[in-house]
There are 2 protein chains.
Amino acid sequence: MTSGDAVKPKAKYHHGDLRETLVQASYDLVAEHGAENFTLADACRLAGVSTAAPYKHFRDRDEVLGLIVKRGFDEMSSLSMAAVEKVGVGTLAGITAMGKAYVRFAVENQRVFRLMFGQHPVLKKEVGVVDEGMGCFSKVIEQVAIYCERNGVRGDPMTIAVRLWTFVHGASSLLIDQDYAAVAPDLDVEAMLEETTPLLLSGPLP
Amino acid sequence: MTSGDAVKPKAKYHHGDLRETLVQASYDLVAEHGAENFTLADACRLAGVSTAAPYKHFRDRDEVLGLIVKRGFDEMSSLSMAAVEKVGVGTLAGITAMGKAYVRFAVENQRVFRLMFGQHPVLKKEVGVVDEGMGCFSKVIEQVAIYCERNGVRGDPMTIAVRLWTFVHGASSLLIDQDYAAVAPDLDVEAMLEETTPLLLSGPLP
DNA sequence: AGGACGAAGTTAGTAACACTAACTTGTGAT
DNA sequence: ATCACAAGTTAGTGTTACTAACTTCGTCCT
């Protein structure tokens with residue numbers, strides 16, 4: 001019409017910004033029911049379009065899942081950085097806070113987390129997924145490097161960062177998969193993180 | 001034709017011991033192509049029966065997957081115990097060997113491992129799956145308890161065992177999901193385990 | 001021996017899904 | 001205005017999980 005208001009630049013072509021609508025609907029469906037129960041058909045019903053519509057915007061189901069994974073990494077990066085910046089850059093407490101944020105994200109976004117890690121190896125081939133994950137990890141290395149320098153820790157920051165990541169990731173996985181619940185119901189994961197992070201942050205033993 | 005040979009005792013009712021045949025075929029298919037690409041129909045084709053046949057033996061697809069998971073835990077338990085008994089019960093080296101066996105199992109049975117942990121929460125409801133997993137873990141606690149007593153480590157063996165499990169599980173997950181490869185291609189996981197296990201086996205810091 | 005019975009197969013059919021092909025409709029540039 | 005094409009549609013294919021109703025064959029009872 002008249003160029004009166006360009007509120008949304010070019011949000012809609014035909015019926016709406018279907019691409020974004022479908023991605024968001026798919027994210028919500030995966031978050032609620034898990035990727036293994038996700039169907040494009042459901043997303044279409046949510047968006048109110050026919051089941052053939054997605055194929056104007058995405059190659060296939062896997063491309064949609066890949067976009068969901070990217071969103072997940074994005075969110076996780078933000079939360080991690082927010083945590084460490086709030087608590088203290090390059091400090092033990094800050095690094096511990098990053099770990100806690102990782103676990104919290106995993107718990108609060110269980111099903112997306114499961115999709116992000118290991119569910120479908122084929123998703124790693126989706127463009128950008130790997131880079132997004134690397135960006136997320138590189139922030140851990142940064143923090144560890146600062147810590148090591150400040151505290152005179154001998155040992156490669158990279159190696160130590162991998163150790164921390166490994167532990168935090170293991171805790172997240174076992175927690176959301178109910179494996180802790182089956183084996184050690186009383187476990188306090190936060191306490192475990194606080195206890196273990198300083199152990200892992202030390203260099204090789206004398 | 002003639003009743004010349006009764007080679008297998010009573011291996012077959014009608015056409016064969018279909019239940020076992022299907023479970024084995026399904027295990028092999030999952031091991032090769034992953035659970036997300038597994039179809040009962042494929043297993044039927046392998047076994048040479050119609051696609052309706054499985055339902056005389058199993059409630060549904062999930063029951064078959066549950067049986068595969070149980071087999072996986074069984075195998076993992078055996079390998080862990082074999083490793084620790086070979087290297088040294090209740091020793092640092094023995095416990096490290098258990099961890100290595102865990103990771104090795106994960107690598108060599110990637111797709112079954114993924115099924116065992118987290119892929120389908122619904123599988124935890126299959127009878128026996130949780131018990132099988134607990135049996136596996138309890139062996140780790142045993143070893144840690146012996147080690148702690150012998151070496152005068154203060155701290156709860158259970159807590160320490162959980163820490164070890166967490167780390168080893170995280171390493172397995174990140175390794176088989178190619179996340180290490182993306183972020184730290186040169187990482188030597190065995191070396192990391194050897195370096196980190198003693199750290200985790202110590203009690204709370206002074 | 002000879003049925004009866006039931007376990008373990010079969011074929012045939014349903015509903016749902018991913019994806020494709022071929023058609024239609026609306027939009028923006030000219 | 002019209003034209004081209006992006007973005008929808010309907011209709012159709014092939015595959016799957018699972019069900020229902022039928023068949024076959026071994027076992028046990030007499």
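Predicted model only: the values in this text are computed from it and were never measured. Throughout, protein chains are lettered first and strands after them, A, B, ... in sequence-line order, and every chain is numbered starting at 1.
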Could you go through residues 87-102 of chain A and list every donor-acceptor pair under 3.5 Å that involves a side-chain atom there, pairing it with any protein atom two or more places apart or in another chain?
from     : atom 1 : to       : atom 2 : distance (Å)
A/Thr91  : OG1    : A/Gly88  : O      : 2.8
A/Thr91  : OG1    : A/Gly94  : N      : 2.9
A/Thr96  : OG1    : A/Leu92  : O      : 2.8
A/Lys100 : NZ     : A/Glu194 : OE2    : 2.4
A/Tyr102 : OH     : A/Trp165 : NE1    : 3.1
A/Tyr102 : OH     : A/His169 : ND1    : 2.9

Measure the distance from [atom1] on [X] to [atom2] on [N] and round it to the nearest whole Å.
| X | N | atom1 | atom2 | value |
| --- | --- | --- | --- | --- |
| A/Glu36 | D/dT16 | CD | C1' | 17 Å |
| B/Leu40 | D/dC18 | CG | P | 7 Å |
| A/Leu18 | D/dA7 | CG | P | 10 Å |
| A/Asp42 | C/dC17 | CG | C1' | 10 Å |
| B/Asp17 | C/dA7 | CG | P | 16 Å |
| A/Arg45 | D/dT9 | CZ | P | 14 Å |

is_close_aromatic(B/Phe73, B/Phe117), centroid dist under 6.0 Å:
yes

What is the distance from atom OG of B/Ser173 to atom CG of B/Asp179, rounded to the nearest 0.5 Å?
9.0 Å

Please compare A/Ala41 and B/Gly48 by the position of their nearest nucleotide in DNA chain C and report the one closer to 5'.
B/Gly48

Heavy atoms under 4.0 Å, any strand shown: does B/Thr39 hit a base, just sugar-phosphate, or nothing?
sugar-phosphate

Salt bridge B/Glu126-B/Arg61, side-chain N to carboxylate O under 4.0 Å
no

Could you check whether B/Arg71 pairs with B/Glu20 (Lys NZ or Arg NE/NH1/NH2 to Asp/Glu carboxylate O, under 4.0 Å)?
yes

Quick check on contacts: within residues 51-62 of chain B, what sits under 4.0 Å from DNA chain C by heavy-atom distance?
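Under 4.0 Å from DNA chain C: B/Ala52, B/Ala53, B/Lys56, B/His57.
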
Tell me whether A/Glu149 at atom CD has more than 12 heavy atoms from other residues, nucleotides or ligands lying less than 6.0 Å away.
no

Does A/Ser50 have a side-chain nitrogen or oxygen under 4.0 Å from the phosphate oxygens OP1 or OP2 of D/dG8?
no

